Amino acid sequence: MNVVRTNAYAKLNLTLDMTGIENGYHMLDTLVTTVDLFDRIVVKKRKDALCRIVMHGGPFIPPEENNALAAAEAFVKAFGTNGADIAVYKNIPVGAGMGGSSADAAGVLRALGELYGVQDERAIKALADRFGSDTGYLLTGGFARLTGRGERVERLNCSEKLHILALVPREGVSTPQCFAAYDEAGEAFAPRTQKAVNELLRGNVQEGARYFSNTLYKAACSIVPAVRDALTDLKCFSPWGAGMTGSGSACYALFENRELCEWAKSRYTGGCRAYVLQSV
């Protein structure tokens, strides 16, 4: 095997609670799922230990700031393999809170493991956790509850398919700025993740959607006002539930079926990019 191709799926935070700060890091409790929007990753073996990456689509990312390249180099160093030529075909919006950078790093690690026959899942997960709070989770995706910095992953046995319309403002939200704005506001929010998880595991998706929320929402709106517009527009279509993912800027709404998502998208007249999605 000289080439491996894989999909790196985007994620949505259906809830996001803050539980405190430890060692300077915000502790989270969040219900997440992956959705069928993905970056395509292709890795090819090299005869030396170098890693090279080409990004197709999306903004230019300097190599020294490219999470996927850093993950590949860490993999080669950790497992003593040869390097790889990597191509990433971007579809996940940048700066949207949909985990694009983490998904790419996870996808590269997963692909390199397959390419070089490395099956030590614990070691690969430990590597992934170095490259973003969602990266370890995005090695496998699905429904999960993340705690700590996001590195503690509890898989949820849920077979429900969620039908989602996502709106992505043209301007992204800086994650560090969003957390800084949240800290400055000093506002407390009641936790909602446990209630959402309980209902989802019972199969009560509509009831669970009532608890969709994000404690970073007000902070994100203070940085990019279009986030508030996106969520307001989504709520006009009377979804089961709606919220913001990550630190923004993407917002989403949950509907009973795909047809209603398509209906809402066809009637949306705002300036955001619109995506009809399904959980995977």
Side-chain angles (χ1 to χ4, degrees), residues 7-16 30-39 90-100 102-103 134 137-138 140-146 155-170 172-173 192-193 195-197 199-214 216-217 220 226-280:
N7 297 334
Y9 289 96
K11 60 82 183 177
L12 293 178
N13 298 84
L14 303 177
T15 65
L16 198 160
T30 177
L31 170 62
V32 292
T33 184
T34 39
V35 292
D36 57 354
L37 175 66
F38 57 85
D39 293 346
K90 292 292 297 177
N91 293 297
I92 303 173
V94 175
M98 300 179 77
S102 295
D134 299 319
Y137 154 67
L138 286 168
T140 51
F143 285 100
R145 184 177 189 172
L146 311 183
R155 305 289 167 191
L156 299 178
N157 184 20
C158 177
S159 60
E160 303 292 337
K161 291 297 182 184
L162 305 188
H163 300 283
I164 295 157
L165 175 63
L167 296 181
V168 182
R170 299 293 173 179
V173 175
R192 306 188 77 177
T193 297
K195 292 179 179 179
V197 168
E199 296 300 336
L200 195 65
L201 291 179
R202 295 187 186 109
N204 298 332
V205 176
Q206 185 174 4
E207 183 66 20
R210 293 178 53 219
Y211 299 105
F212 288 179
S213 62
N214 189 321
L216 293 174
Y217 170 70
V227 173
R228 179 178 288 106
D229 296 336
L231 188 58
T232 299
D233 288 341
L234 286 167
K235 289 182 175 180
C236 287
F237 297 116
S238 300
W240 280 355
M244 182 187 79
T245 181
S247 56
S249 60
C251 295
Y252 61 87
L254 178 69
F255 293 88
E256 182 178 2
N257 52 50
R258 185 180 181 89
E259 289 73 22
L260 285 173
C261 292
E262 296 285 2
W263 168 83
K265 181 183 177 183
S266 71
R267 283 157 177 78
Y268 173 66
T269 58
C272 294
R273 291 163 288 175
Y275 299 83
V276 172
L277 306 171
Q278 180 175 289
S279 59
V280 293

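Owing to the predicted nature of the structure, the values given are computational and were not obtained by experimental measurement.
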Check: Could you give the distance from OG1 (T15) to CZ (R192), rounded to the nearest 0.5 Å?
Finding: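 Rounded to the nearest 0.5 Å, the OG1-CZ separation comes to 9.5 Å.
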Checklist line | Distance (rounded to the nearest 0.5 Å) between Y9 OH and T34 OG1 | finding: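 It comes to 8.0 Å.
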Side-chain donor or acceptor of [X] paired with backbone N/O of [Y] under 3.5 Å:
X: D39; Y: A8; value: no
X: D36; Y: L277; value: no
X: R273; Y: P169; value: yes
X: N214; Y: L216; value: yes

Next item on the list: Apply salt bridge (Lys or Arg N to Asp or Glu O under 4.0 Å) to E262 and K265, showing your working.
Entry: CA-CA 5 Å; E262 296 285 2; K265 181 183 177 183; 5.2 Å; no
Notebook entry, point to check: Do the non-hydrogen side-chain atoms of L14 and L254 ever get within less than 4.5 Å of each other?
Noted result: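 The answer is no, as the side chains (C-beta and beyond) never meet within the 4.5 Å cut-off.
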Item checked: Heavy-atom side-chain proximity of P93 to M98 below 4.5 angstrom ->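 In contact.
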Notebook entry, point to check: Does CG belonging to N157 count more than 12 external heavy atoms closer than 6.0 Å?
Noted result: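 No - once you tally the heavy atoms of other residues, nucleotides and ligands closer than 6.0 Å, there are 12 at most.
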Margin query: Going by side chain to side chain donor-acceptor pair (under 3.5 Å), name the residues that satisfy it together with S238, two or more places apart in sequence or in a different chain.
Written below: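 Side chain to side chain donor-acceptor pair (under 3.5 Å) list for S238, sorted by chain: empty.
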Check: W240 and F212: aromatic ring centres closer than 6.0 Å?
Finding: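 Ring centres of F212 and W240 not closer than 6.0 Å.
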Could you pull out every donor-acceptor pair under 3.5 Å between side chains of residues 244-251 and any protein atom, sequence neighbours left out?
| from | atom 1 | to | atom 2 | distance (Å) |
| --- | --- | --- | --- | --- |
| T245 | OG1 | N13 | N | 2.9 |
| T245 | OG1 | N13 | OD1 | 3.2 |
| T245 | OG1 | G97 | O | 2.9 |
| S247 | OG | T175 | OG1 | 2.9 |
| S249 | OG | E171 | O | 3.2 |

Item checked: Verdict with reasoning, R155 to Y137, per side chain to side chain contact (heavy atoms under 4.5 Å, CB included) -> CA-CA 9 Å; R155 305 289 167 191; Y137 154 67; 3.5 Å; yes
